[in-house]
Amino acid sequence: MKATDLIGCAVYAADGEELGHVHDLRLESDGKPEDGDWRCRLTGLVCGSSAIGHRLGYGTGDMAGPWPLTSLLARWRRRSLTVPWRDVDELQPGRITLRTSRRQLEQMQR
Amino acid sequence: MRCWAVVTCRVIVIALLSVLTSCVSPAIDSAGYRDKVGHAAEKMTGIIGSAQLAAEQDLAGKAFGTYADQVISDAEQDAQSVVGQLDSVQPPDEASITLRNQADDVLQNAAGQLSDLRIAQRRGDKAGMRQSLKDLSDSLAKVQQLQDSA
Amino acid sequence: MTRKAATRKATSLMWANEGLLDRLLIGIDGEDVGMVDNLEFSDATPASGAASGAAEPELTALLCGPLAFGPRLGGRIGTWWTAIGRRLRPDGDPAPNRIPIQLVRRISHRGVELAVPATELPNRRVFDWARSRVVDKIPGSGA
Amino acid sequence: MKKFLQLGLGVVTAVGGFVDIGNLVTSGITGARFGASLTWAIIIGTIGMTVYAEMAGRVSAVGGRTVFHAVRERLGVRTALVNMIASGLLNLLTLAAELGGVALVLQLVTGVNYLIWVPIVAAVMWLAIWRLPFTWLENLFGVLGLALIVFVVALFKLPTDWHGLWQQTWHPRVPNGEGHPTYFFYAVSLFGACLVPYQVVFFSSGGREEKWSPGSVTEMRMNSLIGFPLGGLLSIAIMFAAVPVLQPRGVDVAHLGQVALPVTQALGVTGLAIALLGFFAATFAAGAECALSTGYLISQYFGWPWGKMHRPAAAPQFHLVCLAAVIAATGFILTTIDPVTVTLVSVVLGAAAVPLTYFPVLIVANDRDYMGDRVNRRLSNTLGTLFLVVMLVTSLATLPLLFITKAGL
């Protein structure tokens, strides 16, 4: 499985509601590469309207400016939804179906 | 995004083509024709000015020969293309034809004198250059008259 | 990994777009190797039934070169690119160049630093082609 | 002492590197046609160039990142590809203009048609890229480009109406008989001549070539904050010199040779020779930089080894791209298309393409992760954002202006 098999897929909730397209992947790792035996797991799919904020580096809020972008993109970022990998029910080319509904996901993220 | 690339490429191509093809366009009416004549005269004024400058500098020993030659030759070619461009426009009515004959006379004359200047300059004929310069300043006055009347 | 989260020893978070994709790959000799064009994960079937969370795919390799870049671009240009990449392969093998995750030494602000020199990596076909076909034939290339 | 000399050399190089065929042509045209009423465009363009060059230099010195690494990383694979292609094509157009410029200068000196010079110039330029060490390439022609100071000297010898120039500069008005679209078209062209995208790519990659480190920030700042404004001043001098000589005669500058007429008028053969030397050095250096920039941006996009710090055999794709760029540009200019027209179109399209390279620079210069405490301060950000807005407006206005004015005819 490759990153491109996931990025761009349409994501559907269990009840058939479309949640947007996958535009980024969330990875988790224990430790850092320099510690040796580095393992990195794919733990979530970021979906929603746009990837631009994260792309530009405004995802984690370590940007010094410029002013209009910082607040604008942070707000955009908040509108995207991270789907935990364990909620994925079925993987088809171009289409991902979840076992949960949007409500459940939003509750989890809070 | 691919679509964007295509659009951008097309826009650039169209822009370049429009730049290249924008040299000749048909005159619409008599007023438009007058504008064209005025524009041609204005261009010719500058062209003569450029050649005069270079020739005067050459005569005063300020510029070296190849440089003055080049500036004068450029002016000569520009003048011919101004004449050619005006000729390529179809005059819309009788008045325009009269104007055309008048303008053509003046502009052709100036272009010819620029050629004389270039020939004299290349031969190192200072007297000839001075004569051409004198003719050119007469022409310049006529061109400016044309510009004012058009 | 380059973010502040990375300084914590415990579980660290990173996003593919932000931390890995389109990052520069740097050999241990400091040479540029290529860009991270795609990521490869172990095939994990989605967790079924009660065993939720059991099968998170693991990152196994960073992919680079025309055969990884083509699919990443997508569309007609991507297909075309992949075809060129395949042509450059002597064996016509459609698999892209893999850089196993074990070779990653560090992820810094400069890019993904690898534990091997650039010359030992498989993705030098374009490099070798440009070098042997053109550059080496011109005097003074320093070959 | 050596340190001091080095700093001075850097500044001088930046001055020489700022001025290229675009500045020569647009300054000459506008001075003769609009007097000093478009000086503001050079001033704004120079400030923009300085702010962004400083940013790109800082990102290169502190973050170790060059412009096109940042472009790909921040804009993503597809947008960055479009960006790369647009910037690459624009570079080719600029390179063609510079090649034509060098050949035209040689024609002015020798009287031999420029088309014969084009392939020779291209071959020599490529050899310089292939063989000359980076610092040589940069410094030698940068210093020679300083010959353009002759325009400043000429200004003092000519019957310059300083008061009038001052008035026109600070109270600009569209001259009688000129339409607003033409006026703004030339404003965009001056703007584009100052902000050509290849210069930022070159400045940041050049920093890596010269192995800038965080400690080099002061040196880099000297280069950009002193060198580029002085370069802008040279552009203004070229424009002003045209005002007392060419404007009264209504000369419409359409050839590179005419740009030197004011200097010849004021200083005679010596002045003319120095001016032509300046033209030659500035266009030749800019051509080489342009070809290198094409190599830089394509190599950086794909992550190939790049730069003159490598032997050609160690960066074969980079050198292949440079060679291909020189060949393509030579072919283009050999179609006998007028080099001055190519220059005008290239600076105007350049003005439109500027945000493509400048925006990612602004973003990365704000990333604490790369830049540590060397991130943009409020001044850089305010100016940078302001310019980005100006540049976006310019971009949107460029193509309509190009159509309406038929490239300023």
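Just so it is clear: chains get the letters A, B, ... in the order the sequence lines come, proteins before strands, and each one is counted from 1. Reckoned from all heavy atoms, side chains included, excluding hydrogens, waters and symmetry mates.
At a 4.5 Å heavy-atom cutoff, the contact between Ile138(C) and chain D is made by backbone and side-chain atoms alike. Tyr301(D) touches chain C through backbone and side chain together, each having a heavy atom under 4.5 Å away. Using a 4.5 Å cut-off between heavy atoms, Val71(D) makes no contact with chain C at all. For Asp37(C), the parts lying under 4.5 angstrom from a heavy atom of chain D are both the backbone and the side chain.
Of all non-hydrogen atoms in Arg72(C) and Arg78(D), the two that sit nearest each other are O-NH2, 3.4 Å. Shortest non-hydrogen contact noted between Pro316(D) and Phe127(C) is CD-CE1, 3.2 Å. Heavy-atom minimum distance, Asp22(C) versus Arg72(D): OD1-NE, 2.7 Å.
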- Task: Show your working on side-chain contact (heavy atoms from CB on, under 4.5 Å) between His69(D) and Met35(C) and close with a plain yes or no.
- Result: CA-CA 9 Å; His69(D) 281 151; Met35(C) 283 283 181; 3.5 Å; yes
Residue pair Phe302(D), Asp32(C): steps toward the side-chain contact (heavy atoms from CB on, under 4.5 Å) verdict = CA-CA 10 Å; Phe302(D) 288 111; Asp32(C) 295 357; over 6 Å; no
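Your options are Ala314(D), Pro305(D), Gly64(D), and the one with the most heavy-atom pairs under 4.5 Å with chain C is Pro305(D).
Note: Asn17(C) CG to Arg74(D) CZ = 11.0 Å, rounded to the nearest 0.5 Å.
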